Amino acid sequence: MYKLKDIIPLLSEEQLKVASGMIEDAVFMEKQLAKLRETIEKEGVSENYQYGSKQTAAMTSYLQIQKQYGVIIKYLTDLVPTNSNKANNDELLDFLRNN
């Protein structure tokens with residue numbers, strides 16, 4: 001598994017000031033998403049009530065975090081220089097650009 005912090009050497013000093021917090025947030029979100037995925041796999045995506053069913057709290061949280069995670073990954077991907085040979089050969093960046 002690739003670490004998001006591998007992107008740091010590819011960023012300028014100004015970009016790094018902004019991106020370091022986002023990278024930490026993305027790593028945190030990855031951990032939370034993994035935990036929520038386990039819960040959802042065990043408990044399912046919905047709960048039954050007297051008058052119907054609704055999403056579980058874990059599923060609601062998962063969707064919210066996933067949305068924010070996507071925004072952060074998109075922002076980090078946009079920061080990476082596209083004309084760098086190092087950037088073009090880096091598997092992490094390929095992963096980030098395609099997700």
Side-chain angles (χ1 to χ4, degrees):
M1 180 175 174
Y2 301 108
K3 296 184 181 205
L4 289 171
K5 291 188 178 186
D6 293 340
I7 202 170
I8 290 174
L10 302 174
L11 302 177
S12 71
E13 191 173 321
E14 294 86 27
Q15 291 171 324
L16 188 55
K17 288 178 186 177
V18 174
S20 62
M22 291 182 158
I23 292 169
E24 290 175 15
D25 286 345
V27 170
F28 173 78
M29 288 178 180
E30 285 178 350
K31 292 176 185 176
Q32 296 308 309
L33 288 168
K35 289 178 186 177
L36 288 166
R37 244 187 321 266
E38 288 178 17
T39 301
I40 292 166
E41 287 174 1
K42 289 178 188 173
E43 299 175 7
V45 296
S46 63
E47 298 173 315
N48 293 322
Y49 290 93
Q50 183 177 359
Y51 300 107
S53 65
K54 71 175 196 172
Q55 278 183 345
T56 61
M59 188 66 191
T60 301
S61 295
Y62 182 87
L63 292 173
Q64 289 172 342
I65 293 171
Q66 182 66 31
K67 183 178 178 181
Q68 294 298 31
Y69 178 79
V71 169
I72 288 175
I73 294 300
K74 171 74 172 116
Y75 186 82
L76 291 173
T77 301
D78 289 346
L79 286 177
V80 175
T82 56
N83 58 355
S84 166
N85 286 336
K86 185 176 180 183
N88 290 333
N89 295 325
D90 192 283
E91 292 180 40
L92 170 65
L93 297 177
D94 291 339
F95 171 79
L96 290 174
R97 286 189 183 110
N98 294 320
N99 290 310

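From a predicted model like this one, the values you see are computed outputs, not experimental measurements.
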>> Nearest 0.5 angstrom please: Gln15 CD to Leu76 CG, how far?
In response: 10.0 Å
>> Is there a path of hydrophobic side-chain contacts, each under 4.5 Å between heavy atoms of I/L/V/M/F/W/Y residues, joining Tyr75 to Tyr69?
In response: yes
> Got a sec, which residues hit side-chain hydrogen bond (donor to acceptor under 3.5 Å, both in side chains) with Thr39, two or more places apart in sequence or on another chain?
Replying inline: none
>> Tell me every residue that passes side chain to side chain contact (heavy atoms under 4.5 Å, CB included) with Gln55, counting only those two or more places apart in sequence or in another chain.
In response: Met59, Thr60, Leu63
> Sequence neighbours excluded, which residues qualify as side-chain hydrogen bond (donor to acceptor under 3.5 Å, both in side chains) partners of Gln64?
Replying inline: none
>> To the closest 0.5 Å, what do you measure between CE (Met29) and CD1 (Ile73)?
In response: 9.0 Å
>> To the nearest 0.5 Å, what is the distance between CD1 on Ile72 and NZ on Lys67?
In response: 13.0 Å
>> Using 0.5 Å steps for rounding, measure from the CD atom of Gln68 to the CE atom of Met22.
In response: 10.0 Å
> How long is the gap from CZ on Phe28 to CG on Leu33, to the nearest 0.5 Å?
Replying inline: 9.5 Å
>> Show the nearest heavy-atom pair for residues Ala58 and Ile40, with the distance to one decimal.
In response: O-CD1, 3.8 Å
>> Could you work out, with side-chain hydrogen bond (donor to acceptor under 3.5 Å, both in side chains) as the rule, every residue matching Gln32, not counting sequence neighbours?
In response: none
>> Holding to side chain to side chain contact (heavy atoms under 4.5 Å, CB included), I want the full list of residues that pass it with Tyr49, two or more places apart in sequence or in another chain.
In response: Glu47, Lys54
> Can you list the residues that meet the side-chain hydrogen bond (donor to acceptor under 3.5 Å, both in side chains) rule with Asp78, with sequence neighbours excluded?
Replying inline: Lys74
